[in-house]
Structure formats: C-alpha cells, structure tokens
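I have placed the structure first, in the form of structure tokens, so that the comments after it can refer back to it.
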Amino acid sequence: MTLRIKLSPACTAVFFIAVIICTSCVQTGSSEEKVSEEKVLRAALVTGPDTGGSLDPSISWEGWPMRRAGIYETLFSYDENMNLQPELATGYKQLNDTGWEIQLRRNVSFHDGTKMDADAVIYSINRVLDPSNSRSSEYSFIKNIYKTDDYTIVVETNESYAPAIPMFTDTIMSIVSPEASDLDKEPVGTGPFMFVSFEPGASIELVKNPDYWGEEPKIDRVIIQYSKDATARTLLLKSGDVDITREVLQSEYASLEADPDINIVSRETLRTYFMYVNEGKAPFDDVKVRQALNYALDRQEIVDTALEGVAGSPAIGIFPDIMPWSANDRIEAYEYNPEKALELFSEAGITQGNDGRLYYNREPFTIEIQTYTKQAAHQPMAEVIAAQLEKIGITTTIKIAETNSIIADATAGNYDLALYSWGVSPVGDPDYFVSSHFLSTGTYASTWLRYSNPQVDEWILEARAETDEEKRAELYDMIQEQVQNDAVLVCVAYKKEIDGLSPDLKGFEIYPNEYTFITNEMEIS
C-alpha cells in the first residue's frame, strides 16, 4: 500500500533541504524508517457501538462491534466455515445430563497484563447472568458455574440443555479483564488487537497485541471508520483511503468488480430477510391468509430487483442452506403462484371485486408493511413486495420507522407485517432462533407473532434436551417443516455480504455469522 502525504509549500522546502543535507549520510533503523514500515489497516464499516457509546460487550449487542474490531474473544468460536472450535477454552466434556466441564487455555493475558484464568472467566460470565443485564434471560439455563482448578470450570444447567457449549460463542460472553477500571470506555480483552481510542459514531483505533497468545498479528495498527452512507464507504475505497469497506451497495457491484484496483468478495451469510406476521389480528390469524401471502411473492424478482441479483438468494425456510441445520432440502418452498394465493384468500373470505381489488368484510383489504433502514436492502425490498401485493389487488402501504417504534407496535399487536432481517444462528445452533420465534412462550412467538402450536412446543423442548445430534437434526427438520406449513413467517431472501478490498489486503475472510471481521490472519503487502 502506498502512503500519500500532502505537504504545504513551507514543508516542501524543509523537506528538500533535509534531503540535501542527508544525501551524504546513510542511516538504518531510524525512527522515520520504522514509522514508514508500520502496517496500517484502514476499514470502513456501517455501524459501531451504539448503546450510548458504551464499549462493554456485556451490554445488549455491543459485543458484535467489539469482536469485529479484534478486541475480545470467547471460550469457543466458529471458523469461516461455521465449524465450532475452542478459543480461550482448549476443550470440554459433558460430565452428565446437566454438567459441562470446560478446560481453559493457559498462558493467556489480557491487554492490561492480567492473567486469564478461571476466576476471570467466571467473573465475565456472571456479568451476563446478573438479573440487571437485559439479556440475562437468554442464559437462564445456567444453574451454577464454579472452578475446579485455575484452568478448569464446570457449568451446571437447570436441566439437560444441548446448546450449552455453542451459547458461549455469543459475543455477549466475551471474556473481559476483571481488573479493568471502566469497560464502557476502555475495553480490555485478550484479542489480537488492543484498544487505543474511540469516537462515538465515527471511528475506533487499535494497535496489535504484542503478547497475543496465538499467531502474532501481521498488522500493526487498525483504524475503523463508521458510516451508514454506502456511497461514502465506496468512495473511500476507490480513493485508497481505506483498504476494505463492508456492505458494498449491490448497485456498485458491477463497476467495482470491473475495477482492476479493487477486489470484490461476496458470500452467503446466516442472515435471513423475512416478514413477521401479526397472527393475533384478523385475518392474519387464518393460516390460509398467511399461506396466500407466501404464494403472492415472487422471491426471485425481489432478489433480482431489490438486491440486483448479487446481494442475496430466494429463501425457502428460515435457515439458509449454509446453516448445517437447514431443512431446505426437505421442506416445501412457497413458489410464486398468484392464482393459488387468490384461491386461498377467497377460501379465507377475502374476495376479488369487479375492480380487481381484494375485499375483506366489504372493505378494501389493506396491508401495512413496517420496516427500518439500518439494513440498506429493507426499503427497496419492501417496495418490491408492496408492488407484488398490489398486483393481486391488495392495497399496500409502507411505514419506515425506527426500530423502537416498530418494537412498540409489534408488542402491542398494532401491526400487519414487519420486514426484518436476522442473523438466524449467530451461535451456530438452531435453538437460538427456534425457541424465541416458534416456542409459544418464546419472546417473539408470544408477543410479535402470537403463534402457538403444542406439537411444535413439544418438539422444541425435546430437541433442546437431546444431545444426540442425529436425533436433534430429525426434530429440527420436523419443526421447520411444521412452521413452514403454518406459514408463521414470510421468508423472503438470504443475504449475501459484499465487501470491497484493496489488492494489497490479504488473509481476509467473510464469516457467515457476521461478527468476526478483523483477525490476526489479515495483512497489508
């Protein structure tokens, strides 16, 4: 990578004088030389920490940007192919139905020099288990945690809980230094990069961890800029001001791919675009209406138009094919079939008038789609969906709102459809999404969806307790098949991440879970 420096006229004069003076001298190992050899990675990402500027990974979802920056690590993690691997742990074994022994990595230090051991791990986990933590309920399966020696801990669960180990890959379970004075402002982890400074909403700067327990980072310094403006991020890449930009607009794909000075990489992620359906409100409480909505969508057109054919693929069920637990080869897809949609609507009492419009209770059948714009694809996708629903006679409007507003409407039952996107398996296990959305007592099933199926409940609870992976897979296949038939959600597309890179950047991989980004494998040539 070439470092470009602009000099004022005065500085230029001084520079040339210095050159003349030094022409008769040869210096090696000077500080100037060392500075020029510093390997600096500059990146442009969409968003960074956004919970009041806090950098504490135990708060809400702040662990994601902290993990992306290479600051924090967890006991276990996933590689770029979603294979579970030990990270700050070296292994584990199941002691009995409710006991898990985890062996910890030795000779690991936090960025402040504090030793990483069982006490530090228990301290970090207890911060999440504290009832004051907004996400503590996700870890209510843990009954007790204790150490048997300085590098061995035992996790006891309230009952048999198969996803126990994968849950420790969640970034909220980042292991933090117990000696850190203010994790809100100065994160202290064990990762390959250490915190230097943070400008809320703008940037974060890091330096390499010289005492990293793994392979030494190949980059000396990292500067991450945050910008929700995709065009601005692309311009930074084109100008050479950054070495990598994430979430390139699909409209820029073709031109960037043709640029010899830019490498474009893309990969399917574990993020699914789907619509919540308010099943507590007529007529959406009728399964025929929900099935009709699914048949009314031309998913390929949505991908080709809103995602320009490069930023996603048509969805079948909730889990993308890249997810090992996906049952897409078993469940029946909702193919585009407007005639079938109209037939089902008619059976549900939504009939077509002489004007071609659909009517329900003698009033025009009207649907409002709510969505938000943090994901750039949401609005164009909503517009294509609305056009398709209008095409078969449904009066459709779109409401763009802040997520807090949508959440308030959804929990109050005051909505029709809500277009969202989720990383459906950030911990690599299906229970994460399935229990929250399809178990009748789940957070989203009981509020947003108002969905309840006793048979699905039984299968979910059985799968959660089953440690035999083949038997678990059979149960999750049946769950996915049933919720597909019940049309609980309207699955639309699977997201492909598109990133732009400088040819000088090597060793970058797109991780499907979306929260691993800066790694010690990356280097600048």
Quick one: does any side-chain atom of [X] pair with a main-chain N or O of [Y] as donor and acceptor, under 3.5 Å?
X: Y515; Y: P426; result: yes
X: Y139; Y: M167; result: yes
X: Y334; Y: Q484; result: yes
X: Q291; Y: N485; result: yes
X: S60; Y: E62; result: no
X: N278; Y: G413; result: yes
X: S124; Y: I175; result: no
X: Q250; Y: G312; result: no
X: D259; Y: S255; result: no
X: N513; Y: L270; result: no

Quick one, S251 with E308, criterion side chain to side chain contact (heavy atoms under 4.5 Å, CB included). Give me CA distance, side-chain angles, the key distance, then yes/no. CA-CA 7 Å; S251 58; E308 305 207 20; 3.3 Å; yes
Side chains of [X] and [Y], heavy atoms from C-beta outward: is any pair under 4.5 Å?
X: R42; Y: D241; answer: no
X: P512; Y: M323; answer: no
X: I385; Y: I398; answer: no
X: V483; Y: L489; answer: no
X: R330; Y: E481; answer: yes
X: L236; Y: T245; answer: no
X: F508; Y: F517; answer: yes
X: F141; Y: P163; answer: no

Run the numbers on H437 and Y276 for side chain to side chain donor-acceptor pair (under 3.5 Å), then give the verdict. CA-CA 10 Å; H437 284 77; Y276 285 103; 2.8 Å; yes
Between R299 and V490, is the side chain to side chain contact (heavy atoms under 4.5 Å, CB included) condition met? List the steps. CA-CA 11 Å; R299 291 165 175 79; V490 179; 4.0 Å; yes
Would the number of heavy atoms belonging to other residues, nucleotides or ligands and lying under 6.0 Å from [atom1] of [X] be above 12?
X: E332; atom1: CD; value: no
X: Q85; atom1: CD; value: yes
X: E469; atom1: CD; value: no
X: E159; atom1: CD; value: no
X: K228; atom1: NZ; value: no
X: E343; atom1: CD; value: yes

Could you check whether [Y] and [X] have their ring centres less than 6.0 Å apart?
X: F433; Y: W325; value: no
X: Y511; Y: Y78; value: no
X: F365; Y: F345; value: yes
X: F319; Y: Y494; value: no

How many angstroms lie between [atom1] in [X] and [atom2] in [Y], if you round to the nearest 0.5 Å?
X: D261; Y: L256; atom1: CG; atom2: CG; answer: 11.0 Å
X: I244; Y: D504; atom1: CD1; atom2: CG; answer: 12.5 Å
X: M478; Y: L475; atom1: CE; atom2: CG; answer: 4.5 Å
X: L75; Y: I165; atom1: CG; atom2: CD1; answer: 8.0 Å
X: C491; Y: N294; atom1: SG; atom2: CG; answer: 7.5 Å
X: L417; Y: T371; atom1: CG; atom2: OG1; answer: 11.0 Å

Would you check, one step at a time, whether the test side chain to side chain contact (heavy atoms under 4.5 Å, CB included) holds for M173 with I125? CA-CA 6 Å; M173 280 292 177; I125 294 173; 3.9 Å; yes
Minimum heavy-atom distance between [X] and [Y], given as atom pair plus value:
X: A463; Y: A162; result: O-CB, 4.2 Å
X: T519; Y: F193; result: O-CE1, 3.9 Å
X: A164; Y: F168; result: O-CD1, 3.2 Å
X: A418; Y: I406; result: CB-CG2, 4.3 Å
X: S266; Y: Y253; result: OG-OH, 4.3 Å
X: S435; Y: R464; result: OG-NH2, 2.7 Å

Salt bridge (charged side-chain N to carboxylate O under 4.0 Å, His left out), paired with E247, selected from R271, K495, K374: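 That would be K495; it is the only one of R271, K495, K374 passing the salt bridge (charged side-chain N to carboxylate O under 4.0 Å, His left out) with E247.
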Starting from the C-alpha separation in whole Å, work towards a yes-or-no answer on side chain to side chain donor-acceptor pair (under 3.5 Å) for D56 and S58. CA-CA 6 Å; D56 188 338; S58 74; 3.0 Å; yes
Should E87 and R67 be marked as a salt bridge (charged side-chain N to carboxylate O under 4.0 Å, His left out) after you check the CA-CA gap, both sets of side-chain angles, and the distance that decides it? CA-CA 13 Å; E87 193 164 74; R67 173 78 185 201; 2.8 Å; yes
Salt bridge flag under 4.0 Å for residues [X] and [Y]:
X: D416; Y: K281; value: yes
X: D429; Y: R472; value: yes
X: R246; Y: E514; value: no

Verify side chain to side chain contact (heavy atoms under 4.5 Å, CB included) between I172 and E138, making sure each step is shown before the conclusion. CA-CA 11 Å; I172 198 172; E138 296 174 34; 5.8 Å; no
Stepwise side chain to side chain donor-acceptor pair (under 3.5 Å) check, Q388 with E301: CA-CA 9 Å; Q388 291 180 353; E301 183 185 54; 2.5 Å; yes
State which residue, out of Y420, W422, Y451, F438, fulfils the side chain to side chain contact (heavy atoms under 4.5 Å, CB included) condition with Y444. W422
